[in-house]
Engineer: 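Here you go, one structure.
Per chain, numbering begins at 1; letters A, B, ... match sequence-line order. On a predicted model such as this, the values are computed, not experimentally measured, just so you know.
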Number of protein chains: 2
Amino acid sequence: MFTHAEENYLKAIFHLEQELQGEVSTNAIAEQMETKPSSVTDMVQKLADKELLSYKKYKGAILTAAGRKTAADVIRKHRLWEVFLVDKLNFHWDEVHAIAEQLEHIQSEELIERLDRFLGSPDFDPHGDPIPDQHGNIKRTEKKLLSELDKGKRGVCVGVKESSSDFLQYLDRKKITIGTKIHVLGKEFFDGSMMLQVGKDQFFISKKTAENLFVQIQES
Amino acid sequence: MFTHAEENYLKAIFHLEQELQGEVSTNAIAEQMETKPSSVTDMVQKLADKELLSYKKYKGAILTAAGRKTAADVIRKHRLWEVFLVDKLNFHWDEVHAIAEQLEHIQSEELIERLDRFLGSPDFDPHGDPIPDQHGNIKRTEKKLLSELDKGKRGVCVGVKESSSDFLQYLDRKKITIGTKIHVLGKEFFDGSMMLQVGKDQFFISKKTAENLFVQIQES
DNA sequence: AAATATTTTTAGTCTTAGCTAAAAATAAAA
DNA sequence: TTTTATTTTTAGCTAAGACTAAAAATATTT
């Protein structure tokens, strides 16, 4: 349907639109794509011809509904493949991006729907980012840092903020991974450390740890 | 490392070399690749510059060791992904080729070795073709039709010859799939039908069925 | 062996997607 | 409001990989 380059541009513009809340400048796209502004102008004009975005010279670009859907599909594929790599092939959360960048361009509706089912239709990727559904809808979610939860609250681990190898290995030892339910048993004011319940285990974590774990809040 | 186009040429030439037992003509490659001979000449010259094959004008091409290794790697990836699609995502044997054609170009040693382990290091793809190992070695194997086995012999199902949807569904019902062990209990001369033992079940199959199933012979 | 047919290569063109350098438009500063 | 700075676009080039048409080499007939 679309070339890899086209898909990459749409994805970049999609992300920038969210970040900037509006139309995206040529320079912004060039920076995101690590390419030159002149190349961006060419591509943006091509995508405008294909009605994937609307564009007025010197005014920047915004995706059309079609462009947004296409971008969401690519992001859906990227994030589903990341889940596959982590859950099934035991990659670490920080090793999967470059591979998913390639896999996201594989063309097959059937494949991606089967992959989704195989993975148990996950809502989040290993970095805690939400996975768009078949229609391109993204569950805009309250992704919070664990450190923002108060005593007594429950959350599901949906990702990490910084993902150093050391930190990920620490989480492995504590048996914390995507989907792990975390119950905040207590929170110390003076140093921000927390007492957690994870499965049957209870243990302390430092403020630093709590500030690097994303959770989705569980209604309770 | 190499472009998709380069990898596709190497793969095509690899297959043709085996089939023709020697150097491969420009026209043969063009036919296999569904492209024009002039395009082939260009690419073959480029691949010769990169020392992936040796080529003398008007004389055809043969892969170098490096070229053969690269081709085997692509074929390894293709066939491992086919196993994934059939074993894990429940695709049918005849639906997977086009998708594997895309997946075979994903670049990541780590990915493919993890995928291999995840799939249980299979020796054959869903069509019964052998999967090259990490070093590019292919288990040249005695792939025979089930109909060629005599009474008392044992084989492992490694693929199908014709793969109509009806036939594949018939095999599903009989619980025959890749890796299934088949014991020939009896064989009728007059119609070529066979009595088989598959797991705990025993049943008859027609000559037509036996002529469309590939097996690898088990030493016994 | 000469004529004809086939195969292969060369030469030149196209598209995609990048680049540089220069021109044009817009934005910011004096 | 000019001048200067920044951003964006245009124009023209490059490489990969396809194509067509024509030329050259090899094979096959007669």
Side-chain angles (χ1 to χ4, degrees), chain A residues 1-14 16-17 19-20 22-63 67 70-71 74 101-102 104-107, chain B residues 1-14 16-17 19-20 22-63 67 70-71 74 101-102 104-107:
Chain A
M1 196 62 165
F2 301 106
T3 66
H4 291 196
E6 286 169 342
E7 289 189 346
N8 287 335
Y9 272 95
L10 291 172
K11 194 176 50 141
I13 295 166
F14 183 95
L16 288 167
E17 252 183 40
E19 196 179 307
L20 309 173
E23 56 295 275
V24 182
S25 73
T26 302
N27 262 5
I29 299 169
E31 197 177 334
Q32 177 92 359
M33 300 276 304
E34 297 185 329
T35 185
K36 300 290 166 181
S38 56
S39 308
V40 172
T41 301
D42 281 356
M43 181 57 95
V44 159
Q45 286 173 345
K46 203 167 71 175
L47 293 172
D49 289 346
K50 296 192 177 181
E51 303 195 322
L52 292 165
L53 50 79
S54 74
Y55 161 72
K56 288 185 212 82
K57 277 187 190 177
Y58 300 100
K59 294 290 179 184
I62 20 166
L63 297 177
T70 305
V74 176
E101 286 287 292
Q102 301 178 62
E104 72 188 5
H105 300 297
I106 303 292
Q107 308 276 15
Chain B
M1 198 61 166
F2 301 107
T3 67
H4 291 196
E6 287 170 340
E7 289 189 346
N8 287 333
Y9 272 96
L10 291 172
K11 193 175 50 139
I13 295 166
F14 182 95
L16 288 167
E17 253 183 38
E19 196 179 306
L20 309 173
E23 57 293 274
V24 182
S25 73
T26 300
N27 261 5
I29 299 168
E31 197 177 333
Q32 176 92 359
M33 300 278 303
E34 297 185 328
T35 186
K36 301 290 166 182
S38 56
S39 308
V40 172
T41 301
D42 282 355
M43 181 56 95
V44 159
Q45 286 172 346
K46 202 167 70 174
L47 293 172
D49 289 346
K50 296 192 178 182
E51 303 195 322
L52 293 164
L53 51 79
S54 74
Y55 160 72
K56 289 185 210 80
K57 277 187 190 177
Y58 299 100
K59 294 291 178 183
I62 21 165
L63 297 177
T70 304
V74 176
E101 286 286 292
Q102 300 179 62
E104 74 190 3
H105 300 297
I106 303 292
Q107 306 278 14

Engineer: Would you mind reading off the distance between B:K36 atom NZ and C:dG12 atom C1', rounded to a whole angstrom?
Structural biologist: 17 Å
Engineer: For A:K56 and C:dT26, give me the distance from atom NZ to atom P, rounded to whole Å.
Structural biologist: 13 Å
Engineer: Is the shortest side-chain heavy-atom distance between A:T26 and A:V44 below 4.5 Å?
Structural biologist: no
Engineer: How close or far is atom P of C:dT7 from atom CD of B:E23, stated in whole angstroms?
Structural biologist: 16 Å
Engineer: Between atom NE2 in B:H4 and atom C1' in D:dA18, what is the gap in whole Å?
Structural biologist: 16 Å
Engineer: With a 6.0 Å cut-off (strictly less than), is the heavy-atom count around NZ of A:K50, excluding the residue itself, greater than 12?
Structural biologist: yes
Engineer: To the nearest angstrom, how far is B:E31 atom CD from C:dT8 atom P?
Structural biologist: 11 Å
Engineer: Between B:D42 and B:K50, which is nearer to the 5' end of DNA chain D once each is assigned its nearest nucleotide?
Structural biologist: B:K50
Engineer: Should we count CD of A:E101 as having more than 12 external heavy atoms under 6.0 Å?
Structural biologist: yes
Engineer: Of A:E34 and B:S39, whose nearest nucleotide on DNA chain C comes first from the 5' end?
Structural biologist: B:S39
Engineer: Starting from C1' on C:dT8, measure out to CD1 on B:I29 and report it in whole angstrom.
Structural biologist: 12 Å
Engineer: Consider the side chain of B:M43, meaning its heavy atoms from C-beta on, and name the nucleotide among D:dA18, D:dT8, C:dT10 that approaches it most closely.
Structural biologist: D:dA18
Engineer: Quick one, B:Q107 and B:E7 - any side-chain contact, counting heavy atoms below 4.5 Å?
Structural biologist: yes
Engineer: Do B:T41 and B:Y55 have side chains that get closer than 4.5 Å, going by heavy atoms?
Structural biologist: yes
Engineer: Which pair of heavy atoms, one from A:V24 and one from A:I13, lies closest together, and at what distance?
Structural biologist: CG2-O, 4.0 Å
Engineer: C:dT8, OP1 or OP2 - any side-chain N/O from B:S38 closer than 4.0 Å?
Structural biologist: no
Engineer: Grab the OH-P distance between B:Y55 and C:dT8 for me, whole Å please.
Structural biologist: 9 Å
Engineer: Determine: side-chain N/O of B:N27 to OP1/OP2 of C:dT8, distance under 4.0 Å, yes or no.
Structural biologist: yes
Engineer: Report all interatomic pairs (protein N or O, nucleotide N or O of nucleotides 22-26 of chain D) with separations under 3.5 Å.
Structural biologist:
| residue | atom | partner | partner atom | Å |
| --- | --- | --- | --- | --- |
| D:dA25 | O4' | B:Y58 | OH | 3.3 |

Engineer: Answer with base, sugar-phosphate or nothing: what part of the nucleic acid does B:T41 contact at a heavy-atom distance below 4.0 Å?
Structural biologist: base
Engineer: For the residue pair B:H105 and B:H4, does the interplanar ring angle fall in the parallel (under 30°), tilted (30 to 60°) or perpendicular (over 60°) class?
Structural biologist: parallel
Engineer: Are B:Y9 and D:dA18 close enough that a side-chain N or O sits under 4.0 Å from OP1 or OP2?
Structural biologist: yes
